[in-house]
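Inspection log for the structure reproduced underneath, given as structure tokens.
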Amino acid sequence: SRHAENKVLVAQAGAIGPLVGQLSDGDVDVRRNAAGALRKLAVNAENQVLVMQAGAIAPLVRLLGDSDVEVRQNVASTFLNVARNAQNKVLVAQAGAIPRLVKLLADIDVIVRRKASGTLMSISGTAQNQALVAQASGGIPLLVGLLSDSDEEARRNAVGALRNIVEHAQYQEMVVQVGAIAPLVLLLVDGKVEVRQYAASTLMHIAQVAENQMLVAQVHAIAPLVGLLGDANVNVRQNAAGALANIASHVENQLLVAQAGAIRPLVTLLSDSNVNVRQKAAGALMNIAGHAQNKVLVAQAGAIPPLVGLLSDGDVEMRRNAGRTLMRLTGDTGNQVLVAQAGAIGPIVRLLGDADTEVRRCAAGALASIADNAENRLSVARAGAITPLVGLLSDGVVEMRQKAVSTLMNIAFHDETQLLVVHAGAIVPLVGLLGDSDVNMRLRAAGALLNISRHAENKVLVAQAGAI
């Protein structure tokens, strides 16, 4: 049955049932051969189902604890093969195989460790099994131990299983507590692309927690992650950018990430062919730009034009991240001019009507900052911002109203725009905001009405609306 076609013929001849029966034989050679034959047959997708249907799972689970190393090798390999089938992943777990497979992670034999860890990586692809592997006695510590195993396949399987487990937020801290971060960082420079991919992904998930963001930075993960931004593999680039985005969400890491040279390669990734890479890169730049010094560096690295282009991306998460990053960058006065010069005002104005609330919030925030600069105010008005901004004065989101009233206050400094703001119906909602519970809202509404009233025709209208 070494030949692919023969695997099917052997199974069709009814061999699987008798082989399953021999798994319980008292003779070790019989058990070895039976498990070895099933291992080979289960390479075939149809046979993976037939082996399970023949009742193999219970005796196979028992043989995971067999005293003979070759039996354990063959049984662990059989599980690895049958677990390629989605339904079998569930059945293997239900049969109680996970605790026994976890024990084999400490086996003296490298092939046993390799196959057991490979099976655990495979079956932990489902949410329920992730929990079972994590909760199995010694599961997480043994997997973390395998990250430093001499066998490269065992290392790959262990980091792959841990990547699956940390998708559950509740197990991230368990992984950190048993010392996973340092060996994960070492695996970022592994020669195997899958290992780099899984290690970066695991660190990305771990770094969702604020305390872990500092820990990951302290064990010198930033530099190798920056190096992976130029990796040839798209998943590696995505995970590295995502990990850096999470690390840089901690204010103390923002300068460190910038100093490690992350900004320019992240800017390059804004033009990556993969949407997920672009999303993660924009998110990382947004967090890095949380530090005042970095706002200038991100702009100098050429981030603004590609970010402006991404405002029109068909992916909503991409528009969110691009909008958030530009909103943060425009906190710098110099960038307010650069963003306007890059042609951002028109796309940002259009996003005020986006179906997504977060996109609209970011657009309103970016416009408010852009309009803080006197040179930009007329451009904002001419781009058609007034009408949608007036609409946002009645928005249910407080921040949206704040940004809208702030932008209108600044726009109304210009004689040309004062009548336009009034004609767009701004007076009544602005007067209404004079009674808002938020003091800054009241101040900005009063400021907007003051600027509007500089035009002679508007003074009467403001008074008639009950502003006095």
Side-chain angles (χ1 to χ4, degrees), residues 181-182 184-190 193 196-197 199-210 212-310 317-318 320-332 335 338:
I181 294 179
L184 284 169
V185 171
L186 293 177
L187 294 181
L188 292 174
V189 294
D190 195 273
V193 64
R196 300 195 301 276
Q197 175 187 333
S201 178
T202 307
L203 287 169
M204 176 177 67
H205 283 92
I206 287 173
Q208 290 173 335
V209 179
N212 296 343
Q213 291 156 7
M214 289 299 298
L215 293 174
V216 171
Q218 288 167 358
V219 295
H220 310 295
I222 294 174
L225 284 168
V226 170
L228 293 183
L229 295 175
D231 199 278
N233 182 272
V234 63
N235 293 317
V236 174
R237 297 196 302 275
Q238 176 185 332
N239 293 339
L244 287 168
N246 288 342
I247 292 168
S249 64
H250 197 294
V251 65
E252 294 185 33
N253 291 335
Q254 289 162 0
L255 263 182
L256 294 176
V257 174
Q259 290 167 350
I263 293 176
R264 288 196 178 277
L266 284 169
V267 170
T268 300
L269 292 185
L270 292 176
S271 302
D272 197 275
S273 60
N274 183 273
V275 64
N276 294 319
V277 174
R278 298 197 301 271
Q279 283 177 4
K280 301 295 186 186
L285 288 168
M286 176 193 68
N287 289 338
I288 290 169
H291 192 286
Q293 182 177 324
N294 292 344
K295 295 184 200 301
V296 177
L297 296 176
V298 170
Q300 289 175 343
I304 292 175
L307 285 169
V308 171
L310 293 175
E317 189 61 33
M318 189 68 260
R320 287 176 185 169
N321 284 351
R324 288 168 182 148
T325 308
L326 286 170
M327 180 171 65
R328 185 159 278 184
L329 288 176
T330 51
D332 176 82
N335 287 347
L338 294 176

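Side chains are part of it too, since the values below use all heavy atoms of this structure and drop only hydrogens, waters and symmetry mates. Note that this is a predicted model, so its numbers are computed, not measured.
- Looking at residues two or more places apart in sequence or on another chain, you find a side chain to side chain contact (heavy atoms under 4.5 Å, CB included) between M204 and S201, N239, A243, N246, K280.
- Of all heavy-atom pairs between I263 and A301, the closest is CG2-CB, 3.6 Å.
- Two residues are said to be in side-chain contact when any heavy atoms from C-beta on lie closer than 4.5 Å; N321 and L310 fail this criterion.
- Judged as a salt bridge (charged side-chain N to carboxylate O under 4.0 Å, His left out), and not counting sequence neighbours, the contacts of D190 are R155.
- With hydrogens and angles disregarded, a donor-acceptor distance shorter than 3.5 Å links the side chain of N212 to the backbone of I206.
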Take I181 and V185, measure what side chain to side chain contact (heavy atoms under 4.5 Å, CB included) needs, and give me the verdict at the end.
CA-CA 6 Å; I181 294 179; V185 171; 4.2 Å; yes

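- Here the closest heavy-atom approach between residue L184 and residue A199 is recorded as O-CB, 3.7 Å.
- In this structure, N287 and R328 have side chains that are in contact, with non-hydrogen atoms separated by less than 4.5 Å.
- Contacts classified as side-chain hydrogen bond (donor to acceptor under 3.5 Å, both in side chains) and involving residues 251-276 (residues at least two apart or in different chains) are given here: R237-D272.
- Heavy atoms only, all atoms of each residue included: L255 and N294 are closest at CD2-OD1, 3.6 Å.
- In this structure, D332 contributes its side chain and N335 its backbone to a donor-acceptor pair below 3.5 Å.
- Applying the salt bridge (charged side-chain N to carboxylate O under 4.0 Å, His left out) definition to pairs two or more places apart or across chains, those involving residues 218-233 are R196-D231.
- L326 contributes atom CG, which lies 5.0 Å from atom CG of L307 (distance to the nearest 0.5 angstrom).
- Here Q279 pairs with D315 under the side-chain hydrogen bond (donor to acceptor under 3.5 Å, both in side chains) rule; sequence neighbours left out.
- When the options T330, V267, L329 are evaluated for a side chain to side chain contact (heavy atoms under 4.5 Å, CB included) with I304, the one that passes is L329.
- Pairing each heavy atom of L229 with each of L269, the nearest pair is O-CD2, 3.7 Å.
- Rounding to the nearest 0.5 angstrom, the gap separating the CG atom in L187 from the OG1 atom in T202 is 9.0 Å.
- Between A207 and I247, the shortest heavy-atom distance links the atoms CB-CG1, 4.1 Å.
- Here the CG-OG1 distance, from L266 to T325, works out to 10.5 Å after rounding to the nearest 0.5 Å.
- Nearest heavy atoms, P305 versus G302: CD-O, 3.6 Å.
- In this structure Q208 satisfies the side-chain hydrogen bond (donor to acceptor under 3.5 Å, both in side chains) test together with Q172, sequence neighbours excluded.
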